[in-house]
Every structure is written in structure tokens, then in C-alpha cells.
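This report concerns only the one structure given below.
Here is how names work: the chains are called A, B, and so on, in the same order as the sequence lines, proteins then strands, and each is numbered from 1.
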Protein chains: 2
Amino acid sequence: MNKAEILIIDDEPQIQKLLQINLESNDYKVVQARTAKEGILMAANHPPDLIILDIGLPDKSGHEVLSELRHWYAKPVIILSVLDNEKDIVSALDTGATDYLTKPFRTGELLARIRAAIRRSQTAVNASVVTANELEIDLVARIVKRNNEIVKLTATEYNLLALFAKNESKVLTHQYILKEVWGYGYQTETQYLRVFVGSLRKKIEENPNNPQHLITESGVGYRFQ
Amino acid sequence: MNKAEILIIDDEPQIQKLLQINLESNDYKVVQARTAKEGILMAANHPPDLIILDIGLPDKSGHEVLSELRHWYAKPVIILSVLDNEKDIVSALDTGATDYLTKPFRTGELLARIRAAIRRSQTAVNASVVTANELEIDLVARIVKRNNEIVKLTATEYNLLALFAKNESKVLTHQYILKEVWGYGYQTETQYLRVFVGSLRKKIEENPNNPQHLITESGVGYRFQ
DNA sequence: CTTATTTTTTATAAAATCTTTATAGAATCT
DNA sequence: AGATTCTATAAAGATTTTATAAAAAATAAG
């Protein structure tokens, strides 16, 4: 397989250097931009396999860059931010960020998230069957199996799980989930979500009190892995 | 049912070993070949239920092997490749590959795809007789037997059951069923469906109150198994 | 033309699912 | 540490969906 190409949009030289060294030693091809304008231009000229985007850029906020990118760029965008600000995170994810990390971050974690994001973007398109350990979700047949046995799910439970499966290991915000599963206008009914995540966990988790698949991201949403 | 037999054509010993262990522990019988020539010979002498074919073989490209196989071998062929190359994928699928996976692959996913492929090849279009335990549905002769006795069905009942049989273990939505059996414009007549599913159950189920074949998927549709 | 069969409608009881409320516990913030 | 917000869970109530019988209408058969 060819080296995956990663574009880093960040104005801090230390971060740039750190990322470059780590990514290159992990066999990624690295391309760098220091401003929003430069980054967008580079992404447009030669679309990379993944973009790492800093929120605090000199010329334009990362949010704006993201929303601009998302008009035509479908591959993963991972957000970096010095702020551990919930509103910021939620807004970024809602705009279409694949993942987010707060500085300072652990390099190992970043690499893992990059791997996960790239893997997903490669298999997502044509994979009709999503598997996660003992779980198997067939998005065409609309059937969920656990240890090869069919799990009986209600329509809403299935829709919810399918949404998670399509966005494996990506944090989905409450708002986004509610909009996708219940429809526009239900975005404030967070309690629905809690109830249904609860019943899903009872059906798909080994131990629902210590979920391994449906992970709570407090204040933000949920993540499926 | 007998163990399904899988032929692996791959020259990398690690992959061979990995596949062998995983497949055998999932109750498949595994046969192995290390070259294209050997693989074709083995497939011809004793046709397996599925072939896993590596694209990068020492003596001949997997594409050639595939096209040669397809002259007489109709069962699933899953391609493995180190290249995540769209042109390659398209070309393989066009030559008749059932599925395509890039190395490194997740074992769970491969197993799921194998299951899906085998299931499809057993029931899909090419099968004119679908059997489910004591039931036998001959789609060419339009005859349904239960414990070897002919079941008398009306035209609509038969059309409905045939649709289910062609889509075994797949959830079909009300809308879809209505469109297929009654035609475009009947998609809201869900009650028809209930009535006919009811009468079908009386004819094909051991105990119509606890159906084993025609399963209700509340809020969505029905599933035949 | 009459009768039998099949399909469509209507009505209603039962089952399943979804929504809402209440409350206790966990996580996060100040 | 204490206050506040967020999360999990159970359970009651409301709503939707499903199953079934049976009548009415349409179609086919004799």
C-alpha cells in the first residue's frame, strides 16, 4: 500500500516539528501548512488522506476552515485545540470533524486515532457489514448478531446502532444523533437518547454497567468502538 | 450441514497460517495452494465452496487466475490485495470477484464477508429451490412443499412467499414488499400485508402464533428465515 | 348466471414500542 | 468540598403497530 498522506495545518513550529517526526517515523507522508489560507489551498491542489487542523490559526478560525473544507473534502479531519472547551468540541464535531484532541496530547493516542480514522475512511464506503469483536452489524440485511446469534432490536434501537456502526470510534454529539435518528426538531430530547443507549447496552454489551462498545463521552455525546 | 470448504490461494506463509487458524476455528474446512497453477488445479479437481485469492502470486496475476476460474467456477471468490487501488478493485470486481479486501485486513471483517458470500451463493438468484427446514420453495415450478406435501397457495400468497425466499434472512420493509408484490402505488397499504402474512403463516408455520419462518420486525417489516 | 375463490376493507383486541416522569448516582466545575 | 450539571435506569402511561376475524367487493370458474 502507498504511504498515506497527511496535511498538518498548524502555526506553532514545535507542534509542526513534533507531528512531522512522529508521523514520518510511522510511515506517513507529511505535508505542512502554517495558515488557514495556505492549508485550504494545499488541500485543494492535492487532497491528502487525512487533515490535522489546529483550531487557533492566525488568519482564520479552525471552525471556519473546517466548514469550508467540508463542502468538498470527505476524508478525515482531526482537530487540535489548546482549549478543552466543550462548546468548541461539540461545535467542531457537529461541523463534521472526525475527531478532536486537546493540546498537549499524547503522541501514541494521536497515532491511534489517525490509524482508526484512515481505516474507517477506507472501509466505510463499501463495507455493508461492520464488525466489532463479537458484534456483527449487517447494514444491508438490517440484522445485528452477537456471537453469531441474532439480537432482536426495535426499529429505533437499530437505527441508533446503525448510525454508530457507520461512524465507528468517532464521537457523535447528542444533537447530531438525535437529528439523524429521530429527525430535525428532536435535538433537545437528550433523555430519549439516554433511554435508548441504555436498552442497546443491555442487548449488545457483555456487561452493560461497564460498556465496551457504546462509550459515554460526558457532556458531548457517545462513541461506538 | 457439512463444513463449508475454503480454498486459499496465497504465497505468503504468514497469511496462509493466519487464515488457516481463523477459518478452522470457525468451522470451515481449509485447503491451501501457494501458486496460481496449483490453485486452479485444486479448484478443478475438487471445487470448494469459496476461494480466497491473493492478487500478488509468484507465477500469475490474481486477475488472470480469477478470469480463468470464472469460466467454470460460479461460487464466491474473495480477493486479497496489498494495493488499495481503485482501478485494481474495479477490475477485479468486474472480472467477477465477489468481494475485495486490502491487506492488512481485520479478521472479523473477513469472516463476516465470507459468511455473507457463502450465504448469498447458497440462496441467491441462481438457486431455483430455496429450502428452510421443512419448507421447500421451488421458484421455477412455483411450487411450495411443507414436509414434502404440496401447500396450496393463492397467487398473491405465493408471490409474497417467493419474495421472502429470494431474500432469506434479510429484513424487507413494508414499503418494499408492497411495491414488489402489489406494485407501485400500494406502498401505504400495510394492512394488506398483515392479512396475507397472517394467512401465509397459517399455511407454512408449525404454530402460527409463534412463527419460526416469517418473523415480524416491528415498525419496519418482515424477515424470512 | 350462479357459485366458489380470492382480494380488499373494516373493526377490534392484543402486543410491542416509544415517551415521559422520577430518582439515584456519576462526572464536572467552581 | 460542595454545588451543579450530566447520566443511567426503572417504571408508568400513551401511542403505535400488529394480528385476526369477518364482512364486502371483485374476480374466476363452472
Next on the checklist: Looking only at the side chain of A:A155 (C-beta and beyond, no hydrogens), which of the listed nucleotides D:dA21, D:dA19, C:dC18 gets closest?
Outcome noted: C:dC18

Next on the checklist: Can you measure A:E157 atom CD to D:dT16 atom C1' for me and round it to whole angstrom units?
Outcome noted: 16 Å

Next on the checklist: Within the structure provided, determine whether A:L135 and A:K145 are in side-chain contact (heavy-atom separation under 4.5 Å).
Outcome noted: no

Item to check | Electrostatic pair A:D10-A:R34, nearest N-O below 4.0 angstrom | outcome: no

Checklist entry - Of A:E136, A:E205, A:E134, which is the lone residue that meets salt bridge (Lys or Arg N to Asp or Glu O under 4.0 Å) with A:R146? => result A:E134

Checklist outcome for this item: Whole-Å distance, B:I215 CD1 to D:dA19 P, equals 11 Å

Checklist entry - Are B:N159 and B:R142 close enough that a side-chain donor and a side-chain acceptor fall under 3.5 Å? => result yes

Next on the checklist: If the cut-off is 4.0 Å, is B:N209 near the phosphate of D:dT20, judged by side-chain N/O to OP1 or OP2?
Outcome noted: yes

Checklist entry - Where the side chain of B:Y192 is concerned, which of C:dT8, C:dT7, C:dA22 is the nearest nucleotide? => result C:dT8

Next on the checklist: Using the side-chain heavy atoms of A:R194, tell me which of these nucleotides is nearest: D:dT18, C:dT8, D:dT7.
Outcome noted: D:dT7

Checklist entry - Roughly, in whole Å, what's the span from CG in A:L193 to C1' in D:dT7? => result 11 Å

Checklist entry - Any idea which of C:dA16, D:dT9, D:dA19 is nearest the B:S218 side chain? => result C:dA16

Item to check | A:E189 CD to D:dT7 P, straight-line distance once rounded to whole Å | outcome: 15 Å

Checklist entry - At under 4.0 Å between heavy atoms, what does A:T156 touch on the DNA or RNA strands: base, sugar-phosphate, or nothing? => result sugar-phosphate

Checklist entry - Within the pair B:H174 and D:dT18, is there a side-chain N or O less than 4.0 Å away from OP1 or OP2? => result yes

Item to check | Atom-pair distance (CG on A:N210; P on D:dT9), nearest Å | outcome: 11 Å

Checklist entry - Within this structure, what is the CH2-to-P distance between A:W182 and D:dT16, rounded to whole angstrom? => result 17 Å

Checklist outcome for this item: Regarding the side chain of B:Y186, the nearest nucleotide among C:dT8, D:dA10, D:dT18 is C:dT8

Next on the checklist: Nearest heavy atom decides the nucleotide; on that basis, is A:R201 or B:Q191 closer to the 5' end of DNA chain D?
Outcome noted: A:R201

Checklist entry - How do B:T154 and A:L153 order along DNA chain C: which one's closest nucleotide is nearer the 5' end? => result B:T154

Checklist entry - Should we say atom NZ of A:K37 is surrounded by more than 12 heavy atoms from elsewhere, each under 6.0 Å from it? => result no

Next on the checklist: Counting only side-chain heavy atoms from C-beta out, which of C:dT19, D:dA10, C:dT7 sits nearest to A:F196?
Outcome noted: C:dT19

Item to check | Spacing of A:L200 atom CG relative to C:dT17 atom P, expressed in whole Å | outcome: 13 Å

Next on the checklist: Categorize B:V195 for me: base, sugar-phosphate, or nothing, with a 4.0 angstrom heavy-atom threshold over every strand shown.
Outcome noted: base

Item to check | Length of the line joining B:E217:CD and D:dA19:P, which is rounded to integer Å | outcome: 11 Å

